[in-house]
Peer 1: 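Mind having a look at this structure? Questions to follow.
Keep in mind the model is a prediction, meaning the values are calculated, not measured.
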Amino acid sequence: WITVAAVLVHLLPAGPVAPGAADINAIGYLYRTLSTPGADNGDLERLRAGAKRLDDLVLAEYLSDFAALAYDQREAVLRKLEASMSGQSWLSMLMVYLLEALLADPVYGGNSDGRGWQWLRHQPGFPRPPADHAWYRMAALSGQRKQKAVG
């Protein structure tokens, strides 16, 4: 998760007026989305496999961790990863989740304090989802109910 968080920050750095991945809690959104019961296990496995490939590449090239690299080194290693089809697919998947974290309702764990909306001058629609109806909470409750019914 440390590697993935550093990649997200590299892909969406904060600007003078634009929120970055850290500002919108992109890693928290991604973790919650992929680790909740009912989540897409395939994406979680792809995330882990891609992070391992990146970690292996960084270790071979720099004898370091991705998070410890300088900006230019991070860019170079991500470009190298991007040269493979699996690397492109992994980075593309991260971009999808990153954009979701930027644009989704904050109730889902990203877009902290609506910073993505503020940056884009977006007025959210109404009604907004109540905090206790976020899909990951509903999935967890559904799983608990199934366990009680079986047990």
Peer 1: Would one find more than 12 heavy atoms of other residues, nucleotides or ligands at under 6.0 Å from atom CD1 of I2?
Peer 2: no
Peer 1: E45 side chain to G42 main-chain N or O, any donor-acceptor pair under 3.5 Å?
Peer 2: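 A pair under 3.5 Å: no.
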Peer 1: Can you get from M95 to L54 by hopping between Ile, Leu, Val, Met, Phe, Trp and Tyr side chains that sit under 4.5 Å apart?
Peer 2: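 Yes, M95 connects to L54 through the hydrophobic network.
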Peer 1: Looking at every heavy atom in both S84 and G87, which two are closest together, and how far apart are they?
Peer 2: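 Closest approach of S84 to G87, heavy atoms only: OG-N, 2.9 Å.
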Peer 1: If you compare all heavy atoms of A101 against all heavy atoms of A26, which two are closest, and at what distance to 0.1 Å?
Peer 2: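 Looking at all heavy atoms of both residues, the closest pair is CB-CA, 3.8 Å.
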Peer 1: When clusters are formed by joining ILVMFWY residues with side-chain heavy atoms under 4.5 Å apart, either directly or through shared neighbours, do V9 and M93 land in the same one?
Peer 2: no
Peer 1: How close do P19 and I24 get, counting heavy atoms only, and between which atoms?
Peer 2: CB-CG2, 3.9 Å
Peer 1: Please list all pairs passing the ring pair (Phe, Tyr, Trp, His ring centres under 6.0 Å) test where one or both residues lie in residues 30-72, with sequence neighbours left out.
Peer 2: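 Qualifying pairs, neighbours excluded: W1-Y31, H10-Y71.
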Peer 1: In this structure, would L99 and L8 fall into the same cluster of hydrophobic residues linked by side-chain contacts under 4.5 Å?
Peer 2: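 Yes, same cluster.
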Peer 1: How long is the span from the CZ atom in R46 to the OG atom in S89, to the nearest 0.5 Å?
Peer 2: 6.5 Å
Peer 1: Determine whether a donor-acceptor pair (N or O, by modelled atom type, separation under 3.5 Å) exists between the side chain of D23 and the backbone of G20.
Peer 2: yes
Peer 1: Rounded to the nearest 0.5 Å, what's the gap from CG on L81 to CD on Q88? Could you check?
Peer 2: 9.5 Å
Peer 1: For R79, check salt bridge (charged side-chain N to carboxylate O under 4.0 Å, His left out) against everything at least two apart and list the hits.
Peer 2: E75, E82
Peer 1: Examine Y29 and L103 and state if one hydrophobic cluster contains both, with Ile, Leu, Val, Met, Phe, Trp and Tyr joined whenever side-chain heavy atoms are less than 4.5 Å apart.
Peer 2: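 Yes; L103 is reachable from Y29 via cluster members.
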Peer 1: Could you give the distance from OG1 (T3) to CG (D55), rounded to the nearest 0.5 Å?
Peer 2: 3.5 Å
Peer 1: Using 0.5 Å steps for rounding, measure from the CZ atom of R32 to the CD1 atom of I27.
Peer 2: 12.5 Å
Peer 1: So which atom in K80 and which in L57 form the shortest heavy-atom distance, rounded to 0.1 Å?
Peer 2: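 It is CD-CD1, 3.9 Å.
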Peer 1: Mind checking what makes ring pair (Phe, Tyr, Trp, His ring centres under 6.0 Å) contact with W119, not counting sequence neighbours?
Peer 2: none
Peer 1: Is there a path from L94 to L12 through hydrophobic residues (I, L, V, M, F, W, Y) whose side chains come within less than 4.5 Å of each other?
Peer 2: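 In one cluster: yes.
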Peer 1: Identify which one of L69, D72, V7 satisfies the side chain to side chain contact (heavy atoms under 4.5 Å, CB included) criterion when paired with V77.
Peer 2: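 Among L69, D72, V7, the one meeting side chain to side chain contact (heavy atoms under 4.5 Å, CB included) with V77 is L69.
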Peer 1: Under a 4.5 Å cut-off applied to non-hydrogen side-chain atoms, are L47 and V4 in contact?
Peer 2: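 A side-chain contact under 4.5 Å exists here.
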Peer 1: Give, for atom CG of L11 and atom CZ of R74, the distance between the pair rounded to the nearest 0.5 Å.
Peer 2: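 Rounded to the nearest 0.5 Å, the CG-CZ separation comes out at 10.5 Å.
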Peer 1: First locate atom OH of Y97, then atom OG of S92, and finally report the distance between them rounded to the nearest 0.5 Å.
Peer 2: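 Nearest 0.5 Å value for the OH-OG distance: 11.0 Å.
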